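None of these values were measured; they are calculated from a predicted model. Both counts, for ligands and for their atoms, begin at 1 and track the order of listing.
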Amino acid sequence: MAELYKSRLAVLERIDSALSAAGRPAGECRLLAVSKTFPAEAVRLCHAAGQRAFGENYVQELDAKSAELSDLTDLEWHFIGPLQSNKTRTVAERAHWVHSLDRLKIAERLSAQRPAALEPLQVCIQVNVSGEASKSGCAPAELPELAAAVAALPRLRLRGLMCIPEADSEPAQLRARFAQLRRCRDQLNRDGLALDTLSMGMSSDLELAILEGATIVRVGTALFGQRAYPA
Ligand SMILES: *Cc1c(COP(=O)(O)O)cnc(C)c1O
């Protein structure tokens, strides 16, 4: 508990200094605690330390942990992993946010399956800023059409964009990718959308992402330590 409390404070301090170095107002970037591969008990401890927003990559983990922690009514679950169409119902029922939307078909299913009693699902479109064929994410050229279609779905609220640049990039390259995502968001806003979210930056590069306008950083390792199996 003491350790998690300290690591969370250290990450929050990194976020604060990066915002200040970027000349941005304090509080303009939220911390998403990426709890994938860690047990529900780790989420409970992190919640006790003050954290409310948690990110999961696997539908099965989201399902199990949100059920086990249903007594914590102010938890906010963000789904950030690849999403297949046969798994959308669980996400539509359990998540508050989805960051990894990259196809209209998935968006339509999520909108149709979002329970009427819940707020609209908050979504970000994942953009493949690196342009690698193997990576998930919408191609930048297809983004305007996808964004317009997603924004029109009744039970989703399109909030912004997300990216995961190549892990082994140099800082200058990473920063260029983050800047590219920001320009995509700005262009969509000029086209008439009202997107307030850039989900970018992780444990090792959150400062660069904040310099380029990140409003949510997704942090796992720096909070919870090394994951026991690769995710
Ligand atoms: C695992 C993961 C993170 C967290 O990465 P760390 O380097 O552990 O901070 C962030 N975003 C996504 C999409 C992830 O899969």
- Item | Salt bridge Asp71-Arg44, side-chain N to carboxylate O under 4.0 Å | yes
- Select one of side chain, backbone, both or neither to describe which atoms of Lys36 lie under 4.0 Å from any atom of ligand 1, heavy atoms only. side chain
- Could you list which atoms of ligand 1 come closer than 4.0 Å to a heavy atom of Ile164? 13 (C)
- Which of the atoms of ligand 1 are close to Val219, meaning less than 4.0 Å from one of its heavy atoms? 9 (O)
- Message: Any heavy atom of His99 closer to ligand 1 than 4.0 angstrom?
- Response: no
- Query: How many angstroms lie between CG in Asp102 and CG in Leu143, if you round to the nearest 0.5 Å?
  - Reply: 11.0 Å
- Item | Ion pair check, Arg8 and Glu13, cut-off under 4.0 Å | no
- Atoms in ligand 1 with a heavy atom of Arg218 nearer than 4.0 Å: 4 (C), 9 (O), 10 (C), 11 (N), 12 (C), 13 (C)
- For Gly220, atoms of ligand 1 separated by under 4.0 Å from a heavy atom: 4 (C), 6 (P), 8 (O), 9 (O)
- Task: Report yes if the distance between the aromatic ring centroids of His96 and His78 is under 6.0 Å, otherwise no.
- Result: no
- Is the number of heavy atoms from other residues, nucleotides or ligands within 6.0 Å of CD (Glu28) greater than 12? yes
- What distance do Leu198 atom CG and Met162 atom CE have between them, rounded to the nearest 0.5 Å? 12.0 Å
- Compare Val217, Ile80, Asp205 and give the one whose heavy atom is closest to atom 12 (C) of ligand 1. Ile80
- Message: Below a 4.0 angstrom heavy-atom separation, can you tell me which part of Thr221, side chain or backbone, both or neither, approaches ligand 1?
- Response: both
- Look up atom CE in Met202 and atom CG in Leu206, then write down how far apart they are to the nearest 0.5 Å. 10.5 Å
- Query: ligand 1 and Ser204, any nitrogen or oxygen pair closer than 3.5 angstrom?
  - Reply: no
